[in-house]
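Bear in mind that the values here come from a model prediction, so they are computed numbers and not experimental data. So that the names make sense, note that chain A is the first sequence line, chain B the second, and so on, each numbered from 1.
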2 protein chains.
Amino acid sequence: METIQLSRKDQIDQTATALFRTRGFAATSMRELAAALGMEAGSIYSHIRSKEELLHRICFRLADEFFAGFDEATTDTALPAAPRLRRAVESHVRVLTTDVAASAVFLHEWRHLSEPARTEFLALRERYEAGFRELIAEGASAGELYAPDPAFAALTLLASLNWLPTWYRPGGSLTPPDIAHRLANQLLFGLEVRC
Amino acid sequence: METIQLSRKDQIDQTATALFRTRGFAATSMRELAAALGMEAGSIYSHIRSKEELLHRICFRLADEFFAGFDEATTDTALPAAPRLRRAVESHVRVLTTDVAASAVFLHEWRHLSEPARTEFLALRERYEAGFRELIAEGASAGELYAPDPAFAALTLLASLNWLPTWYRPGGSLTPPDIAHRLANQLLFGLEVRC
DNA sequence: TTTCTTTGCTAACGAACGTTAGGAATCGTA
DNA sequence: TACGATTCCTAACGTTCGTTAGCAAAGAAA
């Protein structure tokens, strides 16, 4: 097992992500973060400008990754909406499982961003949700999907996915692609036996 | 519209719930809470013992309500598992929508409980999830439900429901029973058109 | 009227917070 | 060898934190 060499700044980002995830942004002190890094609190400021900068970087980096994944999953407009939706779901799960800690921070700690970052962040999130909404609406129009209320369906769908970081632990019996596949199936086919 | 008379302690609970929900437990100060109540920080301690007591009361009260609803929804063992699951989902949504703020605190702020309350809380939550898991497993055994992995299905199902407090606002176009019905349908039947 | 409970105040406690200033060690590069 | 970055330290700053002590006003109960 080989560990790649991280710059000190990246180490700080990574440790901060883990702490923000388990203890929350507000409940994590710079002295705790420093201790986890084996240094003193003041020393961190040779690498960053403020505590919030750490949160800002985590949240907006993840936003970028979600967008990149979605775009890549849905570029093939020749495909019907349903399989494109499935690919978008799988991409979302891939981002979540690749970086669970950062995802949890992205999902739960953004509200500690101060303005204008907070508003900017919420706009990004809304735009991302709109992508799913439109995909579902397109599938419903084409008769591929049953979704009387695409907005509602999109919320529920993302909800199921976004809860993942609260229970997923790397190294479990299910691999990320397994999880993605199962989630997509369960969401697209439901639980009830039909036909 | 008539407002019932709340004791001062209940007012404190209610205001604390709203603040914990929007700002988070750790980021809410006693002075903020006092200001929202029109009093001084020290005065709150005529009514409570500590800040954590507030969080404790909110979390465990909600746990009680979820259990009571689940038990009441699933007592009729003459019913097949699928309709009992549907009733349990509806009960869960009812609790979530009846007290959105407290639900959000219950779902996200419990980790700021200190031991042993935290462990006790997690045991309750696990027991509640087990209820859904067993219901789904029963339905799968009876051939009513398609769920190759009941534990996975239960997690996903509760995930969809538990995201509700992040977007639900009372007074929207959908009433809580509407939401419960739609969610149950979407989760039981899925999105994809079949047959 | 007296007494107890409820409710709230002011003032302050020690601790912890995010952050900064100024200096020292280490290192690759000129 | 000298030099600028990089990295980290100690010490401290002003602020805010949860909480407590002691006291006062008001209302209910006796």
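Sorted by first and then second residue, the pairs that involve residues 23-39 of chain B and meet side chain to side chain donor-acceptor pair (under 3.5 Å), not counting sequence neighbours, are B/Arg23-B/Glu32. Screening residues 71-110 of chain A for ring-ring contact (aromatic ring centres under 6.0 Å, His included) gives A/Phe66-A/His92, A/Phe66-A/Phe106, A/His92-A/Tyr128, A/Phe106-A/Phe121, A/His108-B/His108, A/Trp110-A/Phe121 as the qualifying pairs, with residues at least two apart or on separate chains.
OP1 and OP2 of C/dT20 both lie 4.0 Å or more from every side-chain N or O belonging to A/Tyr45. Checking the phosphate oxygens (OP1, OP2) of C/dT6, no side-chain nitrogen or oxygen of B/His47 falls inside 4.0 Å.
Listed by chain and number, the residues in a side-chain contact (heavy atoms from CB on, under 4.5 Å) with B/Glu52 are B/Ser50, B/Leu113, B/Ser114 (sequence neighbours excluded). Partners of B/Pro170 under the side-chain contact (heavy atoms from CB on, under 4.5 Å) rule, at least two apart in sequence or in another chain, are B/Val100, B/Tyr168. Every residue two or more places apart in sequence or in another chain was checked for a salt bridge (charged side-chain N to carboxylate O under 4.0 Å, His left out) with A/Glu90, and none qualifies. Applying the salt bridge (charged side-chain N to carboxylate O under 4.0 Å, His left out) test to A/Arg127 and every residue at least two apart in sequence or in another chain returns nothing. For B/Leu174, the side-chain contact (heavy atoms from CB on, under 4.5 Å) criterion is met by A/Phe152, B/Asp178, B/Ile179, B/Arg182, not counting sequence neighbours.
For B/Arg49, the CZ atom sits in a loose shell: 12 or fewer heavy atoms of surrounding residues, nucleotides or ligands are nearer than 6.0 Å. Within 6.0 Å of CD in B/Glu72 there are 12 or fewer heavy atoms belonging to other residues, nucleotides or ligands.
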With a cut-off of 3.5 Å and sequence neighbours excluded, list every side-chain donor-acceptor pair involving residues 35-43 of chain A.
| unit_1 | atom_1 | unit_2 | atom_2 | d |
| --- | --- | --- | --- | --- |
| A/Ser43 | OG | A/Glu40 | O | 3.4 |

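Sorted by residue number, the members of residues 19-31 of chain A with any non-hydrogen atom under 4.0 Å from DNA chain C read A/Thr28, A/Ser29, A/Met30, A/Arg31. Residues from residues 49-59 of chain B with heavy atoms under 4.0 angstrom of DNA chain D, sorted by number: B/Ser50, B/Lys51. Only A/Met39, A/Glu40, A/Ser43, listed by number, bring a heavy atom of residues 33-44 of chain A to less than 4.0 angstrom from any atom of DNA chain D.
Straight-line distance from the CD1 atom of B/Ile12 to the C1' atom of C/dG8: 11 Å, rounded to whole Å.
From the 5' end on, the contacts that DNA chain D makes with chain B at under 4.0 Å to a non-hydrogen atom open and close at D/dC17 to D/dT20.
Hydrophobic clustering, with ILVMFWY side chains joined whenever heavy atoms are under 4.5 angstrom apart, keeps B/Val89 apart from B/Leu79.
A salt bridge links B/Arg133 with B/Glu126: the closest approach of a Lys/Arg side-chain nitrogen to an acidic carboxylate oxygen falls below 4.0 angstrom. Taking the charged nitrogens against the carboxylate oxygens, B/Asp99 and B/Arg61 do have a contact shorter than 4.0 Å, which makes a salt bridge.
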